[in-house]
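Side chains are part of it too, since the values below use all heavy atoms of this structure and drop only hydrogens, waters and symmetry mates.
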Amino acid sequence: MKKNGIVIVFSLLILISLILTGCTTISDQNEQNKNSLNIYKVKLTSIKPEDGDFTIKGTTNAPEGAKLFALPKNHTDKNLFQDGNSNWVKVGKNGKFRGIITSFYAIPGQKKNNYNVVVGDKGEVKVFAATSVKDSQENFDVPTKIRTALKKANIKYTVFTADQSLIDQQAKYDDSSSDKSDAETDSSSDSTESAIKDYQSVSYDDFARHADDSDYTDKSIVISGTVLQVEKDYDTTTLLIFMDNNPDETVMVNVDKDNLPSERILEKDNITVKGFACGTKKYTTVLGDTREIPYVDCNENIINNGH
């Protein structure tokens, strides 16, 4: 009997050891998942228009603390998913999350409506979670490693549709935010209307000096130059061009495939670009140096003037 008791106690110790080892392994695995780059699918349980944007709720198998991303088809270098206070949206307990997606970028307005969003307009957005992304990622820029990993992940687009409630909320929000002095209101209205209808020519010096100014961001501009580099990435193309054929005046341009001309753009082509001024971007030169240059998000079909 004593021998049997010893065997039982020994067996219990082994069982406890296995359980603890298993828990440690699971914990280690979860920690490893957080620190390594992984892309996770999400399930959106609610898409609700609110204050002119979309409030999103969902669940995912991504570990707690993973970052949420929303990349629209026409603007893949910026993460649109925020918590309403310009912070990253993170996966919470039990894989749940909640955040806001800016409808302005999620659903691009059509040219025939002066780029205003109307009822029935649609936008395609890839929503997913990812690990190994720093909180300090500047201006919600999407790291290149995320965009590269996304190519291999089977993440499908979610279609967002503008209904009457979204349009009404946008109008209500615009009215409330423009409740200023008459002079300020008139000035803002004229500026917005001009930005939508007209693309302003800018000098490189003016663009480079004021690219990050709040009143310069999203300004509608037109530039021309010679193509230095063409880089295709997923469903967008990144161009480096010399404005006015000057190698000291380099600008980066992001182009959605729908805005590319029918013929391929080649190095040394002279092109004209219409789009939004979007601050600056960093890139590495062939000599390994890092440069920060003005950045344009192309908004209309590129005009290729040839060599």
Of the non-hydrogen atoms in E124 and V159, which two are nearest, and what is the gap between them?
CG-CG2, 4.3 Å
Taking the six-membered ring for Trp, is the centroid-to-centroid distance between F69 and F81 below 6.0 Å?
no
With Y216 via side chain to side chain donor-acceptor pair (under 3.5 Å) - residues at least two apart:
D206
State, yes or no, whether a side-chain contact exists between I223 and I221 at a heavy-atom distance under 4.5 Å.
yes
Taking the six-membered ring for Trp, is the centroid-to-centroid distance between F54 and F160 below 6.0 Å?
yes
Test S224 against T272 for side-chain hydrogen bond (donor to acceptor under 3.5 Å, both in side chains), laying out the working first.
CA-CA 4 Å; S224 296; T272 299; 3.1 Å; yes
For R98, what residues pass the side chain to side chain donor-acceptor pair (under 3.5 Å) criterion, not counting sequence neighbours?
none
Testing the basics here: between T290 and T284, what is the closest heavy-atom pair and its distance to 0.1 Å?
OG1-OG1, 4.3 Å
For residues 41-50, dump all side-chain donor-acceptor pairs below 3.5 Å to protein atoms at least two apart in sequence or in another chain.
| residue | atom | partner | partner atom | Å |
| --- | --- | --- | --- | --- |
| T45 | OG1 | K57 | O | 3.2 |
| E50 | OE1 | T55 | OG1 | 2.6 |

Are more than 12 heavy atoms from other residues, nucleotides or ligands located less than 6.0 Å from atom CZ of R209?
no
Heavy-atom distance under 4.5 Å between the side chains of V119 and D121, does that happen here?
no
Hydrophobic clustering (ILVMFWY, side-chain heavy atoms < 4.5 Å, transitive) - are V142 and L37 grouped together?
yes
With heavy-atom distances below 4.5 Å as the criterion, would you say the side chains of N304 and I265 are in contact?
yes
Give a yes or no on this: more than 12 heavy atoms of other residues, nucleotides or ligands lie within 6.0 Å of atom CG of N61.
no
With a 4.5 Å heavy-atom cut-off, do I302 and N259 have their side chains touching?
no
Donor-acceptor pair, side chain of D53 and main chain of S103, under 3.5 angstrom:
yes
What distance do K122 atom NZ and K73 atom NZ have between them, rounded to the nearest 0.5 Å?
13.5 Å
N38 side chain vs T131 backbone, donor-acceptor pair below 3.5 Å
no
So, taking the atom named SG in C298 and the one named NZ in K274, what distance separates them when rounded to the nearest 0.5 Å?
10.5 Å
Is there a donor-acceptor contact under 3.5 Å linking the side chains of E300 and Y199?
yes
Locate the shortest heavy-atom distance separating G99 from V89; write the atom from each residue and the value.
CA-CG2, 3.9 Å
To the nearest 0.5 Å, what is the distance between CZ (R147) and NZ (K145)?
14.5 Å
Closest heavy-atom pair, A70 versus I101, reported as atoms and distance to 0.1 Å, is CB-CD1, 3.6 Å
OH-CD1 distance between Y157 and I155, expressed to the nearest 0.5 angstrom
11.5 Å
Testing the basics here: between A106 and V125, what is the closest heavy-atom pair and its distance to 0.1 Å?
CB-CG2, 3.9 Å
Please say which of T280, T250, V251 ends up in a side chain to side chain contact (heavy atoms under 4.5 Å, CB included) with I293.
T250
With hydrophobic residues grouped by side-chain heavy-atom distances under 4.5 Å, do I100 and L80 end up in a single group?
no
Heavy-atom side-chain proximity of V296 to V273 below 4.5 angstrom:
yes
Atom of F97, atom of K90 and distance for their closest heavy-atom approach:
CB-O, 4.0 Å
Is the shortest heavy-atom distance from the side chain of F276 to the side chain of K219 under 4.5 Å?
no
With a 4.5 Å heavy-atom cut-off, do F128 and L71 have their side chains touching?
yes
Rounding to 0.5 Å, atoms OG1 (T60) and NZ (K96) come to a distance of 13.5 Å
Is there side-chain contact between T237 and K232, with heavy atoms separated by less than 4.5 Å?
yes
Nearest 0.5 Å please: distance from the CE atom of M243 over to the CD1 atom of I241.
7.0 Å
State which residue, out of T226, N270, D269, fulfils the side chain to side chain donor-acceptor pair (under 3.5 Å) condition with N305.
N270
